[in-house]
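Structure, as structure tokens:
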Number of protein chains: 2
Amino acid sequence: MIKYIGQTRILVAVDCIIFGFDGSDFKLLLIQRGFAPEKKRWSLMGGFIQPEETLEVAANRVLKQLTGLEDVYLEQLQAFSGPDRDPVERTIAVAYFALIDIHKYEKQISHEYHAEWFLLKDMPQLIFDHGQMVELAKKRLRYKAALHPVLFELLPERFTIPQLQALYEGLYETEFDKRNFSRKILSTGLLVKQNEKDKENSRKGAFYYKLDKRKYSENFQAFLKFIPNPDKFLV
Amino acid sequence: MIKYIGQTRILVAVDCIIFGFDGSDFKLLLIQRGFAPEKKRWSLMGGFIQPEETLEVAANRVLKQLTGLEDVYLEQLQAFSGPDRDPVERTIAVAYFALIDIHKYEKQISHEYHAEWFLLKDMPQLIFDHGQMVELAKKRLRYKAALHPVLFELLPERFTIPQLQALYEGLYETEFDKRNFSRKILSTGLLVKQNEKDKENSRKGAFYYKLDKRKYSENFQAFLKFIPNPDKFLV
DNA sequence: CCAAAAGTGTTGTGGCTACACCCATGA
DNA sequence: TCATGGGTGTAGCCACAACACTTTTGG
């Protein structure tokens with residue numbers, strides 16, 4: 001194969017910021033790095049890109065390795081390229097963020113990587129520039145969720161409106177008026193009310209809803225307004 | 001230096017989608033590729049990342065090589081990683097898009113690369129996946145400009161409101177009501193009216209405005225609404 | 001005096017926010 | 001029966017979109 005001469009070839013990795021929601025808090029799935037350098041310190045799950053893979057395929061592979069899950073919401077965040085970001089050898093990392101239903105993960109948990117869920121508000125220090133990646137992912141998710149119904153990716157098939165509200169409130173670290181919130185959400189037409197109630201979290205019980213998947217994929221790109229006064233929350 | 005063993009190292013390039021606005025049309029700056037493969041075909045300006053550079057530095061370098069300009073608006077778009085996107089050798093490309101004042105460029109034009117401005121609507125076929133990059137950049141810019149005052153980056157220091165409107169209309173390939181448009185733009189408080197008029201484009205003449213740079217940088221992240229019915233335009 | 005583009009105001013409507021009370025249930 | 005969280009309606013306000021005529025001036 002002909003080659004471009006005189007150019008430097010570099011390691012390319014993908015790192016995954018994995019978000020989850022446990023019904024009341026936003027969480028992040030981290031692993032305890034098993035090899036030097038920085039052995040035992042907390043880190044995002046990552047891996048090097050392989051010869052025949054696209055970045056997207058690599059990110060999906062890495063995610064599946066850790067969680068066992070496929071067909072997960074995954075979005076390219078940004079490439080990080082500080083020449084010394086990895087002290088061992090120059091590596092460019094392309095960060096992806098994933099939104100997973102935390103319950104699905106728990107069913108398939110692998111202890112191989114010493115993975116743990118951390119509260120997003122209460123994260124350990126991470127290696128390299130992983131902390132920056134998480135900050136950026138949070139910002140991007142806030143931005144995106146203000147306009148598109150992406151947060152449903154974090155919920156199980158059935159969920160209640162109070163749960164959904166807790167999810168938004170967790171992401172934006174604030175509280176919303178529940179009357180306005182439920183009106184706004186229901187007015188999208190994305191939710192289908194079920195007959196059963198969730199009786200675990202209150203005495204009265206809250207009705208379950210499911211996502212209308214057809215409308216969801218049709219309207220995903222639509223420009224909605226989920227968050228009042230977005231200026232306040234979107235830096 | 002210790003190294004990660006058994007991993008493949010890959011070429012990493014940056015490619016720049018360079019937008020300009022000539023007062024009535026949106027344009028794209030392309031070069032005619034000077035070497036094989038695909039010699040003589042039109043292409044985005046790009047270059048390989050160097051050992052001590054970040055991607056951002058590389059993109060700025062590449063942009064300066066072609067245009068002579070520094071301190072230009074430049075934003076990372078996405079990494080493109082199809083294993084066969086470059087037939088010579090596997091290369092991952094990180095695309096950046098740039099917004100430049102076309103007049104500044106014309107002052108510093110370099111003929112070294114056989115660069116030419118093309119109408120965005122009327123582009124030649126590009127090599128590799130550059131066509132996809134341009135499409136994505138257009139989409140991203142439409143999205144961004146609907147919410148943030150980023151299009152001012154394309155204008156010279158003095159500009160008129162009709163010019164500004166033509167700029168928005170070019171990007172969204174539509175027409176806006178001029179009364180609503182000017183009211184909306186002026187209500188941001190970002191513009192400072194000048195005393196002179198531009199007499200080149202009409203008999204009556206249109207007042208020049210300048211950008212209030214302090215307010216511009218303060219409000220850049222603010223969540224505005226420049227485009228009526230954004231759903232229509234933002235896929 | 002005519003053509004061509006700049007500039008400017010009003011009104012109706014719909015969507016947003018703010019706000020408070022009743023309901024169902026398990027303990 | 002009481003404590004807890006679920007569920008619901010309204011009114012005022014503001015922002016938006018739709019719309020047409022006058023002004024300026026160069027030729």
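Chain identifiers are assigned alphabetically (A, B, ...) following the order of the sequence lines, protein sequences preceding nucleic acid strands; residue numbering begins at 1 within each chain.
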- Measure the distance from NZ on A:Lys197 to C1' on D:dG5 and round it to the nearest whole Å. 11 Å

- Query: What integer distance in Å separates A:Gln163:CD from D:dG6:C1'?
  - Reply: 13 Å

- Message: I'd like to know whether the aromatic ring centres of B:Phe159 and B:Phe152 sit less than 6.0 Å apart in this structure.
- Response: yes

- Message: I'd like to check the side-chain hydrogen bond (donor to acceptor under 3.5 Å, both in side chains) partners of B:Glu56; sequence neighbours left out, ordered by chain and number.
- Response: none

- Task: Starting at atom CD of B:Gln194, determine the distance to atom C1' of C:dA6, rounded to an integer number of angstrom.
- Result: 17 Å

Using distance only, find each side-chain donor-acceptor pair of residues 115-123 of chain B under 3.5 Å and give its atom names and separation, not counting sequence neighbours.
none

- Task: Let me know the distance between CD1 of A:Ile161 and P of D:dG5, rounded to the nearest Å.
- Result: 18 Å

- Please state how far atom NZ in B:Lys193 lies from atom C1' in C:dT8, giving the value in whole angstrom units. 11 Å

- Message: Could you tell me how far apart B:Glu200 (CD) and C:dA6 (C1') are, to the nearest whole angstrom?
- Response: 16 Å

- With sequence neighbours left out, the residues meeting salt bridge (Lys or Arg N to Asp or Glu O under 4.0 Å) with B:Asp129 are B:Arg85

Show me the donor-acceptor pairs, under 3.5 Å and distance only, between side chains in residues 201-210 of chain A and residues at least two apart or in other chains.
| residue | atom | partner | partner atom | Å |
| --- | --- | --- | --- | --- |
| A:Asn201 | ND2 | A:Asp198 | OD2 | 2.8 |
| A:Ser202 | OG | A:Gly205 | N | 2.9 |

- Assert yes or no for the condition that the ring centre distance of A:Tyr168 to A:Phe176 is strictly below 6.0 Å. no

- salt bridge (charged side-chain N to carboxylate O under 4.0 Å, His left out) contacts touching residues 220-230 of chain A (sequence neighbours left out): none

- Task: Summarise how protein sits on nucleotides 13-21 of chain C as a single string, 5' to 3': B when a protein heavy atom is under 4.0 Å from the base, S for sugar-phosphate-only contact, - for no contact.
- Result: ---SBBBB-

- Message: Show me the pairs that pass salt bridge (charged side-chain N to carboxylate O under 4.0 Å, His left out) and involve residues 181-197 of chain B, at least two apart or across chains.
- Response: B:Arg158-B:Glu196

- Item | Nucleic acid contacts - residues 203-210 of chain B versus DNA chain D, non-hydrogen atoms under 4.0 Å | B:Arg203, B:Lys204

- Item | Between C1' of C:dA5 and CZ of B:Phe181, the distance in whole Å | 16 Å

- Task: Mind calculating the distance between CG (B:Asp198) and P (C:dA4) to the nearest angstrom?
- Result: 18 Å

In a table with atom names and distances, give each donor-acceptor pair under 3.5 Å that connects a side chain of residues 68-81 of chain A to protein atoms at least two apart or in another chain.
| residue | atom | partner | partner atom | Å |
| --- | --- | --- | --- | --- |
| A:Glu70 | OE1 | A:Lys64 | NZ | 3.4 |
| A:Tyr73 | OH | A:Glu75 | OE1 | 2.5 |
| A:Tyr73 | OH | A:Lys144 | NZ | 3.4 |
| A:Glu75 | OE1 | A:Lys144 | NZ | 3.0 |
| A:Gln76 | OE1 | B:Ala79 | N | 2.7 |
| A:Gln76 | NE2 | A:Tyr96 | OH | 3.2 |
| A:Gln76 | NE2 | B:Ala79 | O | 3.4 |
| A:Ser81 | OG | B:Leu55 | N | 2.8 |

